[in-house]
Amino acid sequence: NDRSQNGNSNSNSNSLSFSCHDIMSLLLPQIYSCIDENDGDVHKCPLIIDQGHFRWVFKAKIPDSDDYVVIKMMKQTSKESPRDLMRHLRESIFLYYLRNQEL
């Protein structure tokens, strides 16, 4: 990612790489707004793709593009074991490396 003068990274849409700042300020607000517009009912938000016991799957529009990116969010439940949480982390790492291998 390129760095701006203030030290924040800018997204690089060619590699689909997003900084934490990009995710928090450009992608997640789309999902939050969608849920708010549907009276807090996640299931009515058209950005939801799927859900499971441990996660929500949403899509968010990539800024300055007609494409979308998939965002998986873990649900917080008191019954999750550390093993289940690590499963999601390993999947994310795997997908990151798989994407780099395809380029």
Going by heavy atoms in the side chains, are V57 and I71 under 4.5 Å from each other?
-> no
Closest non-hydrogen atom pair between M73 and I31, with its separation = CE-CD1, 3.8 Å
Grab the two heavy atoms, one from P29 and one from I23, that are nearest each other, plus how far apart they are.
-> CD-O, 4.1 Å
Shortest non-hydrogen contact from D67 to S65?
-> N-OG, 3.0 Å
Worked verdict on E37 versus K44 for salt bridge (Lys or Arg N to Asp or Glu O under 4.0 Å) = CA-CA 9 Å; E37 290 167 5; K44 290 182 181 178; over 6 Å; no
Does D50 pair with R55 as a salt bridge, N-O distance under 4.0 Å?
-> yes
With I48 via side chain to side chain contact (heavy atoms under 4.5 Å, CB included) - residues at least two apart | V42, W56, F58
Answer yes or no: is there a donor N or O on one side and an acceptor on the other, between the side chain of D39 and the main chain of D41, under 3.5 Å?
-> no
In terms of hydrophobic clustering (I, L, V, M, F, W, Y; side-chain heavy atoms under 4.5 Å; direct or indirect links), are Y32 and I62 co-clustered?
-> yes
For the pair Q30 (side chain) and K61 (backbone), establish whether a donor and an acceptor sit closer than 3.5 Å, ignoring hydrogens and angles.
-> yes
Neighbour count above 12 (heavy atom, 6.0 Å) for M24 CE | no
Write down the atom of C45, the atom of N38, and the distance for their closest heavy-atom approach.
-> CA-ND2, 3.7 Å
Answer yes or no: are there more than 12 heavy-atom neighbours, outside D64 itself, under 6.0 Å from its atom CG?
-> no
Report the C-alpha distance between S19 and D22 in whole Å, list the side-chain angles of each, state the deciding distance to 0.1 Å, and finish with yes or no for side chain to side chain donor-acceptor pair (under 3.5 Å).
-> CA-CA 5 Å; S19 69; D22 292 337; 3.3 Å; yes
Atom OH in Y68, atom CG in L27: separation rounded to 0.5 Å?
-> 12.0 Å
